[in-house]
Amino acid sequence: MAVIEAGEYGMTFEEQLELLTNACVDLHTLPELREKLELGRPLRVKYGADPSAPDLHLGHSVPLRKLRQFQELGHQVVFIIGDFTGRIGDPSGRSKTRPMLTEEEIAANAQTYAEQVGRILDLSKCEIRYNSEWFGSMSASQMLEIATHYTVARMLERDDFALRLRDGVPITLIEMLYPLVQAYDSVAVEADIEIGGSDQLFNLLVGRDIMRAYGMTPQVVMTWPLLLGTDGKEKMSKSLGNYIGITEPPEEMYGKLMSIPDELMAQYYHLLLDMPRSQVEAMQRDLESGKLHPREAKANLARRIVSLYHGQDAAQRAAAEFDRVFAQRQKPTDMQPILLCADDINDGTIGIIELVVRAGFAKSNSEARRLIRQGAVRVQDRVIEDEMANIEVEEGAVLQVGKRRFGRITITRGDNEHGRKE
RNA sequence: GCAGGGGUGCCCGAGCGGUCAAAGGGAGCAGACUGUAAAUCUGCCGGCGAAUGCCUACGGGGGUUCGAAUCCUCCCCCCUGCACCA
């Protein structure tokens, strides 16, 4: 999974700089970065992870891929797991209380996290640190001392604090302390550089101040844009459901990538495939002039991204499958089974509503009924419009709901357990 | 602690005794159109039911009423201002 193509070694200094700063939004500061790189030693590049959300998506992959590049250039990645803060819990954001995590949960999350990160980074070369290492044994007075180095006014400069204050959304004190805690991590691990998403800019900059307060050379801060989600409107996030997980199967990933709005392609090429700006612009010109069909550009994008996580063969197969189902309107080669057993079948038939629910394509009978009324349900390519219809049960018969959900009837013998929990 | 303003469906938000499963928007789903894109248009969007309908739901408990999301009461939570304060 080469992040950097041929010629990665023996890159000139300027080439390295260009690679590392590609797509970067904030850089504090370029002269300092040069200076650090010129030291000629492996730099300590810090990245913080939140152990409460172990599911990684392509949005997370942006900084992670950047870390990978640092790694390839011989630098030391320092991965911080924020277990100390995670254990405290925090009513952060709007009104949702972030759950307190137990040690076991954090350990489990960290494990899941590591597995996923390992798909992008060479974990054997990462230094993984838990911040309870230094905070766990810290005295209250040491903790308070950290707080002497920052003012409330400066904390309120942070956009989301300012907005929440204005809108009357509560801000707890612990939230104010978080940036300091994160900043102190940089002191503890002696970070040379800290990278993150652009939403982290404030926290990363606090790190610089706190390091200075502790008599250290401030870390260089670099941030990358937050990747927009598949809806093209909001940043990619699991809770908004507009994400593409890095562990998703190739077909799924490919399909989701094909469904992004065209306007998003440039960003995805730039951030997820490291295409330099000049090339992105060239591509956009070709799209505008009609020299390049958007569909082609998107298919190429999807194939290349899927390749990163599943290899070229899988990406190729996903692409072929996609064309088969959507361009040629054929059925997918693999369909999820709809398990039915003798109990479910009356005189060789099953009610269409029950079938749709059983297949998992509707959460309730009402929903199934609606789908049928709307002409979304097909059995063996025939639209079923009568919600009372009984369907002949045949092994291998295909149920389709909407454009993309397919299931294949599979008859099982023996007692039926699914669907009737009592 | 005092005063005032709030808590409504997945989210935002209107309703302020019956006509409320609750306006409107967003999200979601489906249909049309397409490049499974976006945009647009149409429909759906608590559960059970073939259906008249029934059940559950407007922070929680109790009450008034023929009838409560709407009124009273207690409790919980949030916000704002004032007071208090190391």
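Each chain gets a letter, A, B and so on, in the order its sequence line appears, and its residues count up from 1.
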- Message: Between B:C55 and B:U19, how many Å separate the two P atoms, rounded to a whole number?
- Response: 15 Å
- Look at A:Lys403 and B:G31 and indicate whether a side-chain polar atom (N or O) is within less than 4.0 Å of OP1 or OP2. yes
- Task: Taking atom CD of A:Glu385 as the centre, report whether more than 12 heavy atoms of other residues, nucleotides or ligands fall under 6.0 Å from it.
- Result: no
- Message: Roughly how many Å apart are B:C72 and B:C82, using the P atom of each and rounding to a whole number?
- Response: 29 Å
- B:A57 and B:G4, which share atom name P, separated by this distance in whole Å: 32 Å
- Message: Under a 3.5 Å cut-off for both contacts, is B:G28 paired Watson-Crick or G-U wobble with anything, and if yes, with which nucleotide?
- Response: B:C44
- Message: Reading RNA chain B from 5' onward, which residue's closest nucleotide shows up sooner: A:Gly375 or A:Pro261?
- Response: A:Gly375
- Item | B:G9 pairs with, by Watson-Crick or G-U criteria that keep both distances under 3.5 Å | none
- For the pair made of CD in A:Glu385 and C1' in B:A30, what is the distance, rounded to whole Å? 13 Å
- Under 4.5 Å between any side-chain heavy atoms of A:Val220 and A:Leu27, yes or no? yes
- Just call it for A:Asp262: base, sugar-phosphate, or nothing, with non-hydrogen atoms closer than 4.0 Å on any strand. base
- Message: In whole Å, measure the gap between the C1' atoms of B:A27 and B:C44 for me.
- Response: 14 Å
- Task: Mind calculating the distance between CZ (A:Arg378) and C1' (B:G31) to the nearest angstrom?
- Result: 11 Å
- May I ask you to check whether A:Asn242 and A:Thr230 show a side-chain donor-acceptor distance below 3.5 Å? no
- Gap in Å between the two C1' atoms, one belonging to B:G6 and one to B:G13, rounded: 13 Å
- Taking atom C1' in both B:A83 and B:U65, what distance in whole Å separates the two? 41 Å
- Query: Does A:Asn365 make a side-chain N or O approach to OP1 or OP2 of B:G47 shorter than 4.0 Å?
  - Reply: no
- Query: What is the nucleic acid contact for A:Arg370, judged by heavy atoms within less than 4.0 Å: base, sugar-phosphate only, or nothing?
  - Reply: sugar-phosphate
- Applying a 3.5 Å limit to both distances, which nucleotide forms a Watson-Crick or G-U wobble pair with B:A3? B:U80
- Quiz item: cation-pi between A:Lys298 and A:Tyr268, 6.0 Å / 45°: no
- Query: Roughly how many Å is it from CZ in A:Arg373 to C1' in B:C29, rounded to a whole number?
  - Reply: 15 Å
- Message: Could you tell me the Watson-Crick or G-U partner of B:C66, where both distances fall under 3.5 Å? Say none if there is no partner.
- Response: B:G18
- Query: Does A:Arg404 put a side-chain nitrogen or oxygen below 4.0 Å from OP1 or OP2 of B:C29?
  - Reply: no
- Task: Answer yes or no: are there more than 12 heavy-atom neighbours, outside A:Arg324 itself, under 6.0 Å from its atom CZ?
- Result: yes
- Query: Hey, does the side chain of A:Ser366 come within less than 4.0 Å of B:C45's phosphate (OP1/OP2), counting only N and O?
  - Reply: no
- Is the shortest distance from a Lys or Arg side-chain nitrogen in A:Lys125 or A:Asp122 to a carboxylate oxygen in the other one below 4.0 Å? yes
- Task: Whole angstrom is fine here: how far is it from CG in A:Asn242 over to P in B:G28?
- Result: 9 Å
- Item | Minimum-distance nucleotide (side-chain atoms of A:Met388 versus B:G35, B:A50, B:C29) | B:A50
- Nearest-Å distance once atom C1' is located in both B:C85 and B:G1: 12 Å
- Rounded distance in Å between the C1' positions of B:G17 and B:G47: 27 Å
- Specify the residue among A:Leu371 and A:Ile260 whose closest nucleotide of RNA chain B lies further upstream toward the 5′ end. A:Leu371
- Query: Side chain of A:Ser364: nearest nucleotide among B:C48, B:C29, B:G35?
  - Reply: B:C48
- Query: In the structure shown, which nucleotide is the Watson-Crick or G-U wobble counterpart of B:U73, with both distances under 3.5 Å?
  - Reply: B:G61
- Is the count of non-hydrogen atoms from other residues, nucleotides or ligands lying under 6.0 Å from A:Gln312 atom CD greater than 12? no
- May I have the distance from A:Gln374 (atom CD) to B:G43 (atom P), rounded to whole angstrom? 11 Å
- Task: Whole angstrom is fine here: how far is it from CZ in A:Arg369 over to C1' in B:A51?
- Result: 10 Å
- Atom pair distance, as rounded to whole Å: CD in A:Glu387 and P in B:A30: 18 Å
- Task: Figure out the CD/C1' separation between A:Glu367 and B:G49, and round it to whole Å.
- Result: 17 Å
